[in-house]
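To keep things clear, I will list the structure first and then write my remarks on it.
Just so we're clear, the structure is a prediction, and the values are computed from it rather than from any experiment. Residue numbering restarts at 1 for every chain, and letters A, B, ... go by the order of the sequence lines.
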Number of protein chains: 2
Amino acid sequence: MELIRAAAMLFRDQGYERTTVRDLGNAVGIQSGSLFYHFRTKEEILVAVMALGITSTTEQLKRAIDEAITPRAKLAALFRVHLNSLLGDNQAALEVMLYEWRSVSAAARPGLIVLRDRYEALWQQVLDEAAAAGLIKRDTALLRRTLLGSLHWSVQWYRSEGALSVDQLAEHMLDLVLLPQT
Amino acid sequence: MELIRAAAMLFRDQGYERTTVRDLGNAVGIQSGSLFYHFRTKEEILVAVMALGITSTTEQLKRAIDEAITPRAKLAALFRVHLNSLLGDNQAALEVMLYEWRSVSAAARPGLIVLRDRYEALWQQVLDEAAAAGLIKRDTALLRRTLLGSLHWSVQWYRSEGALSVDQLAEHMLDLVLLPQT
DNA sequence: GTCTATAGGTAGATAGAC
DNA sequence: GTCTATCTACCTATAGAC
């Protein structure tokens, strides 16, 4: 578990391919050979990182949606949870999930796709409710994809030293998509 | 030039690190050693791919903006050119630009950043005009970042075999951001 | 400008001791 | 479970012939 967290940060910062099993061992204070007692291959570590990133974000989102009451509050939760997971203190894992797909073997992909689809289904459901309430435009399938793209991209430019907190950024991004209320 | 195009596709499909100089040689029918007559390092090839991706897109965008007359038409051009460059027949290069930053050495980054900033400045200018004309919301700096994120992400899910052409997709994405006209 | 051949380095993974 | 030691393979880049 400590290894998975450390691996997430290394994979995010250097990329999966550039990170060696020796780097991974160093990060947790063991020799590279010892890793292979816990994992059969380096790729297994990558898959574990990705699975952690998406499942923990999904669980947080589920909880936030259940606690929110109005469609508007649920909609806000999408942005808030996703950005906090992506930009927050301890979540390099989700970023690895987004940027290291090409290094996942065909055999391991289906399992991760199931996890991703589960997460996106939550989004779809909340967006549909919001559209029904007249909060956002009606093309929710395309909206889901564009919004997730917008949020994912934030890792490329958001800096925590800047003027905006993550929660504030979530609010601003929400504003961009809300329809003017009549 | 033929090499740069071939390299773009290989880097996009397999990633830069997983693509060997032997792969690159194979793709253009020469031995791997011969590559180093044209480029000093493998990284130089990566930088050339990225530079091609962003500069050719910038030029296309410049032309499209000049030909467009209304703010609305210029705005549409942003979406159309970007998506065609990203999803079109021969433009793996731009995708490499987006996904292989980590493999670019610190020495080579500044040059690419200049090219990227030039492209984004075009965007900013068109968005500002559109906001002044009341077409889109006023927070154009954030809008630029979210829109570019949305467009970039399309490579992850857009399939040309699907129902939507690239130009149609551009139209739909434009619709999502346009304000209802009073 | 492309070839063959290879230097020099490092990668992921394994074996057996403790 | 972790160590040391090492295997095998492959990588980027170079050298010199043509």
Side-chain angles (χ1 to χ4, degrees), chain A residues 1-53 92-93 96-97 99-109 111-112, chain B residues 1-53 92-93 96-97 99-109 111-112:
Chain A
M1 196 62 198
E2 185 201 350
L3 171 69
I4 302 299
R5 294 266 171 215
M9 286 167 55
L10 286 168
F11 291 164
R12 176 193 55 183
D13 295 338
Q14 315 179 346
Y16 169 74
E17 297 290 347
R18 293 171 91 90
T19 303
T20 69
V21 291
R22 289 165 180 80
D23 292 334
L24 294 172
N26 268 338
V28 290
I30 62 174
Q31 294 299 311
S32 66
S34 308
L35 290 174
F36 293 91
Y37 174 81
H38 303 279
F39 298 88
R40 266 175 313 187
T41 64
K42 183 186 164 192
E43 195 208 357
E44 241 178 39
I45 301 177
L46 173 63
V47 172
V49 167
M50 290 187 169
L52 173 68
V96 173
M97 172 87 187
Y99 284 95
E100 296 290 354
W101 266 109
R102 276 176 317 202
S103 296
V104 179
S105 68
R109 277 182 197 192
L112 291 170
Chain B
M1 198 60 197
E2 186 202 347
L3 171 70
I4 302 299
R5 294 267 172 213
M9 285 169 55
L10 286 168
F11 291 165
R12 177 194 55 183
D13 294 339
Q14 316 178 346
Y16 170 72
E17 297 289 348
R18 294 171 90 91
T19 302
T20 70
V21 290
R22 291 179 235 287
D23 292 334
L24 293 171
N26 267 337
V28 290
I30 62 173
Q31 294 299 310
S32 64
S34 308
L35 290 173
F36 293 91
Y37 174 83
H38 303 278
F39 297 89
R40 264 175 316 187
T41 64
K42 183 186 164 192
E43 196 209 357
E44 240 178 39
I45 302 177
L46 174 62
V47 172
V49 167
M50 290 187 168
L52 174 68
V96 173
M97 172 88 185
Y99 284 95
E100 296 290 353
W101 267 109
R102 275 175 318 200
S103 295
V104 179
S105 69
R109 278 183 198 193
L112 291 170

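The side chain to side chain donor-acceptor pair (under 3.5 Å) test applied to A:Arg109 returns no partner, not counting sequence neighbours. Applying the side chain to side chain donor-acceptor pair (under 3.5 Å) rule to B:Asp13 yields no partners; only residues at least two apart in sequence or on another chain are considered. Qualifying salt bridge (Lys or Arg N to Asp or Glu O under 4.0 Å) partners for A:Arg22, counting only residues two or more places apart in sequence or in other chains: none. Annotation: side chain to side chain donor-acceptor pair (under 3.5 Å) contacts of A:Glu17 (sequence neighbours excluded): A:Ser103, B:Arg18. For B:Phe39, there are no ring pair (Phe, Tyr, Trp, His ring centres under 6.0 Å) partners two or more places apart in sequence or in a different chain.
In terms of heavy atoms, B:Gly53 sits closest to B:Ala93 at CA-CB, 3.5 Å. What you find for A:Leu3 and A:Val28 is that their closest heavy atoms are CA-CG1, 3.7 Å.
Counting only distance, with no hydrogens or angles, the side chain of A:Glu43 and the backbone of A:Ser105 share a donor-acceptor pair below 3.5 Å.
Along DNA chain D, read 5' to 3', the first and last nucleotides having any atom under 4.0 Å from a heavy atom of chain B are D:dC11 to D:dT14.
The shortest distance between side-chain heavy atoms of A:Glu100 and A:Val49 does not fall below 4.5 Å.
Screening residues 5-26 of chain B for ring-ring contact (aromatic ring centres under 6.0 Å, His included), with sequence neighbours left out, gives B:Phe11-B:Tyr16. Listed by first then second residue, pairs satisfying side chain to side chain donor-acceptor pair (under 3.5 Å) with a partner in residues 26-42 of chain A read A:Arg40-A:Glu44, not counting sequence neighbours.
Using a 4.0 Å cutoff on non-hydrogen atoms, no part of residues 44-52 of chain A comes near DNA chain D.
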Dump the pairs, protein N or O against N or O of nucleotides 13-15 of chain C, anything under 3.5 Å, distances to one decimal.
residue, atom, partner, partner atom, Å
C:dA13, OP2, A:Lys42, N, 2.8

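Distance check, rounded to the nearest 0.5 Å: CE of B:Met50 to CH2 of B:Trp101 gives 6.5 Å.
Each end of the helix from C:dG1-D:dC18 to C:dC18-D:dG1 yields a helix axis from five base pairs, and these two axes differ in direction by 0° (to the nearest 10 degrees).
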